[in-house]
Amino acid sequence: MPKKPHFSIQPIFTTTQPTNSKCRTPPFTTLLQNPKASSTSLNSTFLNHLKNQRLDSARAVFNKIPSPHVSLCTRMLLAYAHNHNLPQAINLFNQIPSNTKDIISWNSIIRASILCGDFITAVKLFDEMPHRNSISWTTMIHGFLSLGRVVDAETFFRAMPSADKDVATWNVMVNGYCNNGRVNDALRLFSQMPCRDVISWTSIIAGLDRNGKSSQALVFLKDMVSCSGVDISSTTLVCGLSAAAKISDFNAGIQIHCRTFKFGYCCGFDQFVSASLVTFYASCKRMDDAFKVFCEIVCKNVVVWTALLTGYGLNEKHDDALEVFGDMMRFCVVPNESSFTSALNSCVGLEDLEKGRVIHAVAVKMGLENGVYVGNSLVVMYSKCGYTGDALCVFNGIGEKNVVSWNSVIVGCAQHGCGLWTLALFKQMLMEGVESDEITLTGLLSACSRSGMLQKARCIFGYFGRKRSMKLTVEHYACMVDVLGRCGEVEEAEALAMSMPVEANSMVWLVLLSACRMHSNLGVAERAAKRIFEMEPNCSAAYVLLSNLYASLRRWSEVARIRRKMKHNGVVKQPGSSWITLKGLRHDFLCADRSHPLTEKIYEKLEWLGVKLKEQGYVPDQQFALHDVEIEQTEEMLSYHSERLAIVFGLLSTVEGSTITIMKNLRVCGDCHNAIKLMAKIVDREIVVRDSSRFHHFKNGICSCGDYW
DNA sequence: TTAGGGTTAG
């Protein structure tokens, strides 16, 4: 008898374990073929791969499963669909024997087709399937609505057997109407529903809120709580908080906050509720409360951090916002696109290019620079900080540009007076088939205004006026009045202001008055000012413009009359101020300011520049002093305008040859404009001035605005 | 043992 192998018998029949584990042989059962055990093990490996989104590994294991159950096929084909691979999903579905295909697998392949955007296949499968249930119909209806095909959804909803219509079907219709802006249809359907659950109520509350009816959303929430008999969920609370935040309804929000305690959703554990509470308090300008909620959150995710960061930004506490951004990085919370958007907005709020560049570098490191959200924010940041070149560079790198990307770069170029670039960008936008909107038109018209392109403005205004999808607003008419007025067509501008289909507001008359000041048209100016004072009796800008116009015509008695009226009405002229931000610190200057620690050096340098300016042929233009005082006095006033102090401080504090960027709250005066052109030449620097109207880039004795602003 | 419905920051 041959000797049996040593492992074959003994271990199987031994019930006690050997004492020496080194001598232990594996249980024989593990070495035998056991179809059931093997299949179970493969199934669980397959499901693990799917759970971890390892599609290829999942398929490899799936292929080893002998006669996989239809449920596994269904899971596999849905995984393909979520990976946008419809051909593989359909191929797999076709391999399932017909007699084993159940309604779930049919519904799943329909869902897969919809997920992959193939509606023709979805409808074909829907027609072919042997039996349909409520889920089959609801899946189709939901798919149509998610693509905006409301009519198709309505057709299916009508054709669906009444017995199959369950609450989910009605909910899909209500939500779909809301998502497609058909809020009245949603309300009608909601009122017709045979029964409503928590999702029905949440859908209508969220839908009303999304469609600008936040007050009504809060009324529905109140009804739900008081008389629906349906318990609210954390999602309902989140939607209610969103509505309260949008309209800053503090009382409603507080009541919802109380409910979060009652239903146990708060205690800092539900991150959706927590983030919504932070946003709500921030919207009500209660940042202390927002911060208190934030501190109570047990596990803070990136959304919660971003809600706080955005809240500080909304409340113009930009330093705090950027501190939050830094903190979240220190706590190893990885910022996402929204975090970057808010942080960059705060850099714009602080006009702090240096911090913006640091955040840009972090975005590049994380590979987010070319994403549409971060890219758009970077375009705005660079444009508003005066760096159009960088803005264009970022814009070109954005992978999938949307209308906001185009608007950002168009408005940015317009602010810098780059009229031709703006029009070229618009042409490119049209060629790429991107639908322009109200903001595009405002950007284009302001570009034409700043570049004196009247004919282009007329064409653009006409083109947008003919667009069915867009309604011209009072802002657009204000822009057109501005272009006409600045280009010297003051009477036509007045005629447009009087005949426009929407009632002209004070802004329209103010831009007309500004044009009158520019072109010394006293008759139109007095009529425009009369309109403004009827609407806004204390409009300081109108008083100043009218007073300056009288002064430029040397009608000093009228100037005195305006000043008396201003004094009588308690109207205070906004003082001109300029500032420069260096190493994160903002330095402010007023006219003839002597409060800065470096005052002595600033005035010394200003005197030196004054001599150099005269050598270059500079003669102060006294019409910009606009006061009936002696010539020496006016010269002195002009020399110490705030922008000159800020520029000189910049020259003293930065490396030779580097660009200086300063900001001014009012428009730069004509005399300073002349002086700064020469200053840039004398010191051989580029000087960028952002005034209340636009950006001016001064270099080699000329300005980018071509003396037209 | 697989399929459908509502939510947060920008």
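Every chain is numbered from 1, with letters handed out A, B, ... down the list of sequences.
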Less than 4.0 angstrom between a side-chain N/O of A:Arg210 and OP1 or OP2 of B:dT7, yes or no?
yes

Under 6.0 Å between ring centres: does that hold for A:Tyr80 and A:His84?
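Ring centres of A:His84 and A:Tyr80 not closer than 6.0 Å.
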
Ring centre gap for A:Phe395 and A:Trp406 strictly below 6.0 Å
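Centroid distance A:Phe395-A:Trp406: below 6.0 Å, so yes.
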
Polar side-chain contact [X]-[N] base: donor and acceptor under 3.5 Å:
X        : N      : value
A:Thr341 : B:dG10 : no
A:Thr139 : B:dG4  : no
A:Asp102 : B:dA3  : no
A:Asn133 : B:dG4  : no
A:Ser233 : B:dG6  : yes
A:Thr74  : B:dT2  : yes
A:Thr310 : B:dG10 : no
A:Ser203 : B:dG6  : no

Look at the side chain of [X] and decide which nucleotide, out of [options], has an atom nearest to it.
X        : options              : answer
A:Ile135 : B:dT7, B:dT2, B:dG4  : B:dG4
A:Ser134 : B:dT2, B:dG4, B:dA9  : B:dG4
A:Asn336 : B:dT7, B:dA9, B:dG10 : B:dA9
A:Glu337 : B:dT7, B:dG10, B:dG4 : B:dG10
A:Asn175 : B:dA9, B:dT8, B:dG6  : B:dG6
A:Ile103 : B:dA9, B:dT8, B:dA3  : B:dA3
A:Arg111 : B:dG4, B:dT1, B:dA9  : B:dG4
A:Thr138 : B:dT1, B:dG4, B:dA9  : B:dG4

Using only atom types and a distance under 3.5 Å, with no angle test, would you say the side chain of A:Ser377 pairs donor to acceptor with the backbone of A:Tyr373?
yes

Any donor-acceptor pair under 3.5 Å from A:Asp164 side chain to A:Met160 backbone:
no

Describe the nucleic acid contact of A:Val167 in one word from base, sugar-phosphate, nothing, applying a heavy-atom distance below 4.0 Å.
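Answer is base: heavy atoms of A:Val167 come under 4.0 Å of a base.
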
What contact category does A:Ser377 fall into here, base, sugar-phosphate, or nothing, at under 4.0 angstrom with non-hydrogen atoms?
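No contact.
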
If you look only at distance, which donor and acceptor atoms sit under 3.5 Å apart when one is on a side chain in residues 329-338 of chain A and the other is two or more places apart or in another chain?
unit_1: A:Arg330; atom_1: NE; unit_2: A:Asp327; atom_2: OD1; d: 3.4
unit_1: A:Arg330; atom_1: NH2; unit_2: A:Asp327; atom_2: OD1; d: 2.8
unit_1: A:Asn336; atom_1: OD1; unit_2: A:Ser338; atom_2: N; d: 3.1
unit_1: A:Asn336; atom_1: OD1; unit_2: A:Ser339; atom_2: N; d: 3.1
unit_1: A:Asn336; atom_1: OD1; unit_2: A:Ser339; atom_2: OG; d: 2.9

Is there ring stacking between A:Tyr373 and B:dG10, where the centres must be under 5.5 angstrom apart and the planes under 30 degrees?
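Check passed, A:Tyr373 stacks on base of B:dG10.
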
